[in-house]
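What you see is a predicted model; the values in this text were computed from it and never measured. The analysis underlying the following values was restricted to heavy atoms, covering all of them including side chains, and did not include hydrogens, waters or symmetry mates. Chain A is the first sequence line, chain B the second, and so forth, proteins listed ahead of strands; every chain is numbered from 1.
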Amino acid sequence: MIDAFAKEPVSNGRIAAALEEIADLLEIEDENAFRVRAYRHGARVVRGSARGFADMVALGEDLADLPGIGTSLAEKIEELVRTGRLAYLDQVEGRTAPGLRELLGLPGLGPRKVKALRDGLGITTLEQLESAVMRSRVRGVPGFGAKTEARILASLEHLHRRPVPHVLWPAAEPLVLALTRHMERIPGVTRVAAAGDYRRLRETVDRIELLVAAGRDARATERLLEYEGTDRVVSRSAKRVKVVLRNGLSVDLHMVPARSFGAALFAHTGSDDHVATVRRFASKQGLALDERGVFRGDARIAGRTERELYESVGLGYIEPELREDRGEVEAARAGALPELLTVADIRGDLHVHTSVTNGRDSPRAMVDAAAEHGYEYVAITEHTASARVSHGLDAERMARHLDRIELLNDRQDRIRILKSAEVDILKDGSLDLPRRILDRLDFTVSAIHSYFDLSAAPQTERILRAMDDPHLSILAHPTGRLIDRRDPYAVDFERILAAAAERHCALEINAQPERCDLSDVLARAARDAGVALVVATDAHRKEQLDFMRLGVGQARRAWLTAHDVLNTRSWKDLERFFAQRRR
DNA sequence: GCCGTTTTCGGCCCGACTGTTTTCAGTCG
């Protein structure tokens with residue numbers, strides 16, 4: 001049935017991009033804002049779905065049953081999936097110029113101003129805008145003045161210099177910590193907190209949001225400008241200052257009174273959708289919720305802490321990682337929020353490399369570092385031979401390596417060293433070690449490192465075949481994506497999940513910052529499909545063992561509890577789980 | 001365009017900030 005449609009199924013990403021483009025173009029046309037929002041929301045639903053919309057269409061499911069998708073969006077998505085085209089998008093594109101969407105991306109330019117530029121000066125591209133700004137023609141358009149013109153020029157120059165819209169979470173962390181320390185040293189400052197994507201542990205961060213509570217004369221916004229990493233000021237007022245750091249990341253600093261700190265933290269932590277949903281929930285009860293607090297009429301009934309805010313509207317406290325409008329508000333109302341995994345629950349790291357293959361530190365050093373983390377066990381998982389670039393071990397070298405690991409284990413009793421390997425899954429789905437070696441291992445971490453561009457059918461078969469081998473215990477970095485660098489390989493993920501659940505194969509949440517693989521969305525789908533998960537760092541040097549915090553963060557974003565994650569268990573229990581695979 | 005224990009029409013979050021069109025529209029978060 002699925003084959004009745006186009007050979008290359010239309011991806012969720014492509015559907016979402018089409019809906020977003022319609023939203024952008026309609027916005028420029030000054031279409032009803034709620035209609036625009038409906039397209040944007042639809043795009044988010046598609047992008048956030050673990051299931052392929054193309055599959056759902058192929059199975060004859062009614063897309064309009066999904067929240068945020070109505071009959072109109074459902075029809076358009078089906079058309080796109082079936083034909084690869086979307087007539088409505090072509091139509092809207094046909095009446096607008098292609099460069100206009102880029103103009104919308106400039107700070108200070110919204111749909112109305114973009115429209116005014118087009119109607120007034122015929123500007124439809126960044127180049128035309130730049131030329132008009134240079135000749136001071138923009139200030140002649142109604143609604144524009146010399147200041148706006150100067151700001152546009154600054155934005156354009158900035159655009160030429162830096163196409164870096166975001167950083168991976170761990171790159172934001174030292175900046176957040178340094179900024180926090182800088183602000184905390186200012187006399188009169190009583191509290192500093194980071195909010196935004198950073199606080200929600202999103203895999204990437206495109207802006208640092210910092211809240212500061214201070215006495216009236218602390219002049220905290222001015223002091224931010226003294227921070228050595230500050231490159232330039234974008235905007236500034238008594239309550240808010242926005243700067244760009246030397247590395248290109250922007251920082252928004254909000255001055256907040258202590259009595260509103262919780263409400264402001266809530267509002268700036270986001271996500272926007274979560275905040276909107278909680279606000280709607282409050283308003284149904286006759287309560288008004290904004291950055292200052294929760295109000296019944298003129299009376300403030302909450303605002304000092306987030307917990308107080310949630311409770312005042314009849315919800316349990318919702319952890320930041322859950323605030324994505326993915327059902328957490330309903331769960332909080334029903335008292336059904338999960339008790340999320342914590343770093344303290346983790347008893348060991350199951351994916352660690354050493355200098356024996358492509359790691360930096362010796363096995364001894366990695367084991368010591370793992371012991372210092374308080375772990376009960378650590379698995380040394382070297383690459384196998386076919387992973388040539390990683391100096392992978394062939395059968396003979398792996399045998400000698402395992403001898404040495406056994407020796408190392410005997411010589412210390414701080415931590416149990418597990419014998420494992422990151423076994424390459426070859427093109428035909430077989431594992432890259434002979435059975436006699438695989439039998440010596442406590443378990444394996446198996447992964448794809450080659451032929452990323454197979455189409456979905458053979459790639460899926462390859463992985464299923466690998467899972468048929470009882471030696472495959474954990475499928476590592478299951479989608480192969482590298483954030484901003486490489487898309488996930490094409491695969492029928494639902495079949496992978498079904499097979500993993502049936503065969504007791506665990507799936508990894510790989511905590512390398514540019515992997516975060518599985519993603520939050522897919523990890524949640526895996527859990528829902530009954531698949532056991534592992535959070536592991538894939539550390540190649542001892543400091544990288546700290547990536548566990550990021551991996552646990554992604555697991556929390558996936559609603560996982562300690563129960564869902566295998567490496568919260570003792571080795572004895574873990575061994576029992578892996579033994580289910582090998583009769 | 002979506003949605004409904006105020007259900008098929010009429011809402012949909014809203015206040016702060018900015019620049020400019022001097023009394024408020026547009027943008028942002």
On a whole-Å scale, what distance lies between the [atom1] atoms belonging to [N] and [M]?
{"N": "B:dT23", "M": "B:dC17", "atom1": "C1'", "answer": "16 Å"}
{"N": "B:dC9", "M": "B:dC14", "atom1": "P", "answer": "24 Å"}
{"N": "B:dG1", "M": "B:dT5", "atom1": "C1'", "answer": "24 Å"}
{"N": "B:dG26", "M": "B:dT20", "atom1": "P", "answer": "14 Å"}
{"N": "B:dT8", "M": "B:dC2", "atom1": "C1'", "answer": "12 Å"}

Measure from [atom1] on [X] to [atom2] on [N] and round the result to the nearest Å.
{"X": "A:R112", "N": "B:dC28", "atom1": "CZ", "atom2": "P", "value": "14 Å"}
{"X": "A:R151", "N": "B:dG26", "atom1": "CZ", "atom2": "P", "value": "16 Å"}
{"X": "A:E27", "N": "B:dG26", "atom1": "CD", "atom2": "C1'", "value": "11 Å"}
{"X": "A:H268", "N": "B:dA16", "atom1": "NE2", "atom2": "C1'", "value": "10 Å"}
{"X": "A:L253", "N": "B:dC28", "atom1": "CG", "atom2": "P", "value": "20 Å"}
{"X": "A:L287", "N": "B:dC14", "atom1": "CG", "atom2": "C1'", "value": "16 Å"}
{"X": "A:R280", "N": "B:dG4", "atom1": "CZ", "atom2": "P", "value": "11 Å"}
{"X": "A:D272", "N": "B:dG15", "atom1": "CG", "atom2": "C1'", "value": "14 Å"}

* **A:R323 (side chain) donor-acceptor with A:F266 (main chain) under 3.5 angstrom** => no

* Asked: Can you tell me if A:S312 uses its side chain to pair, donor with acceptor, with the backbone of A:L309 under 3.5 Å?
  -> yes

* With both distances under 3.5 angstrom, what nucleotide forms a Watson-Crick or G-U wobble pair with B:dC9? -> B:dG4

* To do: State whether a side-chain donor-acceptor pair under 3.5 Å links A:E291 with A:H254.
  => no

* To do: May I ask you to check whether A:Q128 and A:T124 show a side-chain donor-acceptor distance below 3.5 Å?
  => yes

* Answer yes or no for A:R307 and A:Y317: cation-pi contact, defined as NZ/CZ to six-membered ring centre under 6.0 Å and angle to ring axis within 45°. => yes

* Along DNA chain B (nearest heavy atom to each residue), the more 5'-positioned of A:K242 and A:T148 -> A:T148

* Across the strands shown, which category fits A:L66 at heavy-atom distances under 4.0 angstrom: base, sugar-phosphate, nothing? -> sugar-phosphate

* **Side-chain N,O (A:K284) to OP1/OP2 (B:dT6) below 4.0 Å** => no

* Asked: Given B:dG26, is OP1 or OP2 found less than 4.0 Å from the side-chain N or O atoms of A:K113?
  -> no

